[in-house]
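This report refers to the structure that appears directly beneath it.
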Amino acid sequence: MFISIYKITTKILVSLVVVVACSLNVHASHPNLVITGSDVEKMRSAINEQGRFSEAYASLKKQVDLQIAQPIQVPVPKDGGGGYTHERHKKNYQLMFNAGIIYQLSQDKKYADYVRDMLLAYADLYPTIDVHPKRKVKSQNPGKLFWQSLNEAVWLVYTIQAYDLVIDALNTAHIEKIEQKLLKPVSLFLSVGQPSTFNKVHNHGTWATAGVGMAGYVMNEPEWVEKALYDLEKSGKGGFLRQLDELFSPQGYYNEGPYYQRYALMPFVTFARAIENNEPNRNIFEHRDSVLLKAIDTTIQLSYNGLFFPINDAIKSKGIDTIELVHGVTVAYGLTEDPGFLDIAQQQDQIILSGDGLKVAQALDKGLAKPYQFKSVAFGDGNDGKQGALVIMRSQLGGDQALLFKPAAQGLGHGHFDKLTWQYYDHGQEIVSDYGAARFLNVEAKYGGRYLPENDSYAKQTIAHNTVVVDETSHFDGKVKIGNKNAPALNFFETNEFGTVSSGEIATAYKGVEMERTLALVNLPELETSVALDLFQIDSENKHQLDLPVHYQGQLIDTNFELVANTEQLSALGKANGYQHLWLKGQATPEKGLARVSWLNDNGRFYTQTSLVEGDESFLFTQIGANDPNFNLRNEHGFIRRVTDKKSHHFISILEPHGEYNPSKEYTLEASSKVNGIEYREVGDLAIVKLNIATSTYLIAINRQQTNNNQLKRSTFKHQGKTFAIDGRLAVYAITNH
């Protein structure tokens with residue numbers, strides 16, 4: 001009896017120890033974050049076999065070997081973004097992380113020793129430094145190693161993983177020094193030391209919570225994990241889970257736009273993988289109907305020809321091969337084994353050395369990839385998906401085309417004042433363009449690599465975008481707080497055999513002014529092309545000046561109206577709100593009828609915007625660069641359609657791709673527009689455009705009927721005595737000319 005009771009009691013005690021250990025997150029071994037011990041065993045086996053994974057390992061090992069042969073450099077921080085010390089500390093955390101991986105796979109202690117020595121050097125430095133001397137404006141929290149705490153958090157995300165990978169090779173004294181003098185102080189500095197950032201629902205907060213939360217897993221600080229998940233007070237008003245709830249729409253669209261979606265993806269995916277590996281009972285990848293997996297897929301959808309759509313404060317060169325999305329795709333495939341992700345991984349051509357990366361490499365070796373499907377889609381904005389939407393229209397008719405429509409929310413501090421704007425892409429190139437951000441990222445000579453002053457004075461202003469400007473003032477008078485409170489409404493979105501159409505409206509960008517825009521990417525199979533139809537309606541209480549710019553990429557070829565150019569002296573178009581940065585290079589007032597502007601893009605195609613005008617509309621041709629003494633802005637071109645003293649106006653136009661220019665083979669085909677007639681009328685809720693193009697005539701019908709459940713009633717209209725019916729939002733009818 002005594003023995004039985006003893007055994008039972010022992011079992012109970014063992015069970016209690018296990019429960020307590022689990023609750024305290026005690027781990028018997030490392031690594032325990034993104035890469036686990038089980039992953040390491042499989043990867044060690046894989047590096048001895050032929051294939052992508054062993055090739056990636058050999059390549060990374062070669063790079064690391066070259067780098068660790070150099071003396072360790074942990075300089076006293078002094079430079080802003082792009083400067084030597086800034087870049088050195090970035091290279092250091094990346095090198096520590098990579099060396100840690102090579103240590104785990106090779107089991108060669110020299111790599112762990114290198115990471116140890118660098119961590120010890122940081123442990124000597126960190127207690128001696130104050131906030132960074134090149135810290136940013138007072139409104140943002142500074143770092144110590146870096147000019148802003150955001151970079152410090154990124155450093156911790158990488159460095160804590162490096163430490164996790166080598167901790168089993170360190171002695172007690174080294175562990176004590178590294179944790180007490182470096183990793184714990186950094187974690188506390190980024191959390192309790194900067195509560196406004198740590199608790200903030202914003203990408204800065206995401207990086208901070210990810211770094212501190214993972215540090216909690218590695219250093220047995222479960223309270224840190226809870227605070228990372230729920231905010232410093234564990235109230236749930238901030239923290240990682242609140243960021244997942246607030247920053248993404250139900251479809252996985254990130255509030256700040258594609259550029260910051262890919263940037264924020266790294267801490268989201270990395271910390272989530274660590275949570276899954278440490279506490280699978282939290283079901284983190286199932287949170288909000290698997291919103292994080294949706295976000296990875298959405299990030300891919302928000303690209304064209306490998307580059308992200310450059311809305312908001314976007315650097316245009318960022319694309320799907322960015323390391324953040326490489327990690328995202330790797331984790332997504334590891335969890336879902338969706339072969340479409342393999343197609344993207346193949347394009348990225350980067351294998352991550354992790355358990356998920358091994359799955360990707362082996363699947364690619366087996367040829368399991370299937371083409372990823374890019375779609376026409378409306379991504380609802382806001383955490384409820386009802387704060388407008390970012391709309392993507394795609395067509396493969398006559399070339400890979402995409403039209404981006406932005407009846408979307410402001411996008412926090414990185415947002416631009418550009419409600420209902422659009423961009424257009426064809427044959428791999430940007431045709432109707434958005435400026436993106438005014439910034440030379442990490443180029444210290446250009447304002448320390450920070451956002452340039454012209455980001456506020458031009459890039460964020462409404463005139464820098466392809467949407468209506470009222471009285472030369474920006475939407476919401478350029479005030480971010482007001483913009484964040486007022487999103488456009490998505491009236492409808494539909495894609496069918498005729499193309500894709502969407503409509504949005506807003507009545508708060510200007511007091512007493514209602515703006516409604518309908519855009520359609522319309523397929524014309526007989527001509528083997530798609531055209532972009534733009535209907536922009538303005539209604540206001542008072543008379544206003546209305547400007548609708550089109551910023552284009554390419555060389556102006558022709559207009560069908562006489563253009564008076566300013567050839568000897570240029571002046572700025574205006575005094576403020578971005579107008580001060582536009583040179584007025586020429587102007588005209590086309591006669592009533594059709595006004596054509598044609599340009600040639602670098603892809604060798606011609607593009608013509610044909611506008612329906614009433615004879616009272618001015619065309620102002622501009623070039624960016626006025627009032628820019630440091631030559632910070634790109635000298636891009638555009639034209640502005642302007643009407644004055646208008647309470648109501650309808651801007652109507654068709655953008656048509658056509659022809660080909662081949663300077664190498666010295667031929668030019670179809671350089672002139674085929675559009676020779678546009679007529680517009682409204683029949684009830686229907687907008688009807690009669691389009692004469694070449695020898696064909698089309699009726700394009702758009703049903704703008706308002707409905708709560710999107711159940712449209714069949715609508716009809718007559719043309720030349722014949723009745724036409726439309727059941728959906730968009731229909732195209734080919735008309736026989738008599």
Side-chain angles (χ1 to χ4, degrees), residues 395 397-398 401 403 422 424 426 431-432 498-499 501 517-537 548 550 552 556-563 588-599 605-619 639 641 643 649-659 669-684 686-704 716-724 726 730-738:
S395 174
L397 185 61
Q401 298 174 322
L403 190 158
W422 73 303
Y424 176 76
D426 182 41
I431 310 302
V432 175
F498 302 111
V501 64
R517 191 172 210 171
T518 301
L519 283 158
L521 189 59
V522 182
N523 296 329
L524 301 177
E526 295 88 347
L527 298 176
E528 297 184 347
T529 190
S530 296
V531 297
L533 172 63
D534 183 12
L535 309 175
F536 206 143
Q537 176 70 41
L548 178 57
V550 174
Y552 64 89
L556 182 69
I557 295 298
D558 191 25
T559 66
N560 72 334
F561 48 82
E562 185 177 351
L563 177 62
T589 303
E591 296 180 357
K592 182 177 181 179
L594 302 183
R596 296 191 188 92
V597 179
S598 298
W599 64 93
R605 283 195 108 182
F606 296 93
Y607 297 87
T608 298
Q609 177 171 296
T610 303
S611 304
L612 190 59
V613 297
E614 295 297 320
D616 59 352
E617 197 170 308
S618 298
F619 277 59
F639 58 92
R641 298 173 60 186
V643 293
H649 189 71
H650 215 146
F651 291 103
I652 299 170
S653 64
I654 293 280
L655 180 65
E656 165 204 8
H658 57 92
L669 302 174
E670 299 178 349
S672 299
S673 168
K674 296 179 181 179
V675 173
N676 51 52
I678 299 175
E679 296 177 16
Y680 176 79
R681 63 189 173 110
E682 296 179 359
V683 180
L686 299 181
I688 312 295
V689 176
K690 180 184 176 184
L691 176 64
N692 296 327
I693 184 165
T695 59
S696 301
T697 299
Y698 299 92
L699 295 178
I700 302 171
I702 298 173
N703 190 345
R704 300 182 297 185
T716 61
F717 67 96
K718 289 188 176 182
H719 177 75
Q720 294 180 345
K722 185 177 179 180
T723 300
F724 295 85
I726 175 172
L730 174 67
V732 180
Y733 313 89
I735 304 299
T736 303
N737 292 323
H738 297 287

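For the numbers below, each heavy atom of this structure counts, side chains included, while hydrogens, waters and symmetry mates do not.
- In this structure, Thr697 OG1 and Gln720 CD are separated by 8.5 Å, a value rounded to the nearest 0.5 Å.
- In this structure a side-chain-to-backbone donor-acceptor pair under 3.5 Å is missing from Gln609 to Ser653.
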Side-chain donor-acceptor contacts of residues 590-598 below 3.5 Å, not counting sequence neighbours, with atom names and distances?
from: Arg596; atom 1: NE; to: Val675; atom 2: O; distance (Å): 3.3
from: Arg596; atom 1: NH2; to: Val675; atom 2: O; distance (Å): 2.8
from: Ser598; atom 1: OG; to: Thr608; atom 2: OG1; distance (Å): 2.6

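- With contacts defined as side-chain heavy-atom distances shorter than 4.5 Å, the pair Arg704/Ile702 qualifies.
- Pairing each heavy atom of Ser673 with each of Thr610, the nearest pair is OG-OG1, 4.1 Å.
- Taking 4.5 Å as the limit, every side-chain heavy atom of Leu535 sits out of range of all side-chain heavy atoms of Glu682.
- Remark: Asp616 engages Lys646 in a salt bridge (charged side-chain N to carboxylate O under 4.0 Å, His left out) (not counting sequence neighbours).
- The structure places CZ of Arg517 at 4.0 Å from CG of Asp534, a figure rounded to the nearest 0.5 Å.
- Here the side chains of Phe717 and Leu699 are in contact, with some heavy-atom distance below 4.5 Å.
- A distance of 7.5 Å separates OG in Ser611 from CD1 in Ile678, rounded to the nearest 0.5 Å.
- Between Phe498 and Tyr698, a ring centre-to-centre spacing not shorter than 6.0 Å is recorded.
- Aromatic rings of Phe561 and Phe619 (six-membered ring for Trp) have centroids within the 6.0 Å cut-off, being under it.
- Side-chain contact check for Ile693 versus Asn676: every heavy-atom pair is 4.5 Å or farther apart.
- Counting all heavy atoms, side chain and backbone alike, Pro657 lies closest to Ser530 at CD-O, 3.3 Å.
- The closest side-chain donor-acceptor pair between Ser696 and Glu526, if any, does not fall under 3.5 angstrom.
- In terms of heavy atoms, Ile726 sits closest to Ala701 at CD1-O, 3.5 Å.
- Distance check: Leu533 CG to Leu691 CG gives 8.5 Å after rounding to the nearest 0.5 Å.
- Put simply, the side chain of Leu519 does not reach to within 4.5 Å of the side chain of Tyr424, judged on heavy atoms.
- Side-chain contact check for Ile688 versus Tyr733: every heavy-atom pair is 4.5 Å or farther apart.
- Closest approach of Arg605 and Gly398 over heavy atoms only: NH1-O, 3.5 Å.
- Residues His658 and Glu656 approach most closely at CD2-O, 3.4 Å, considering heavy atoms.
- Inter-residue side-chain proximity for Phe536 and Trp422 is flagged as unmet; no heavy-atom pair is nearer than 4.5 Å.
- Here the shortest heavy-atom pairing between Tyr607 and Asp426 reads OH-OD2, 2.6 Å.
- Atom CD1 of residue Ile700 and atom CG of residue Leu686 lie 13.5 Å apart, to the nearest 0.5 angstrom.
- The side-chain heavy atoms of Val613 and Arg641, taken from C-beta on, include a pair separated by under 4.5 Å.
- Between the CG atom of Leu655 and the CG atom of Leu521 there is a distance of 9.5 Å, given to the nearest 0.5 Å.
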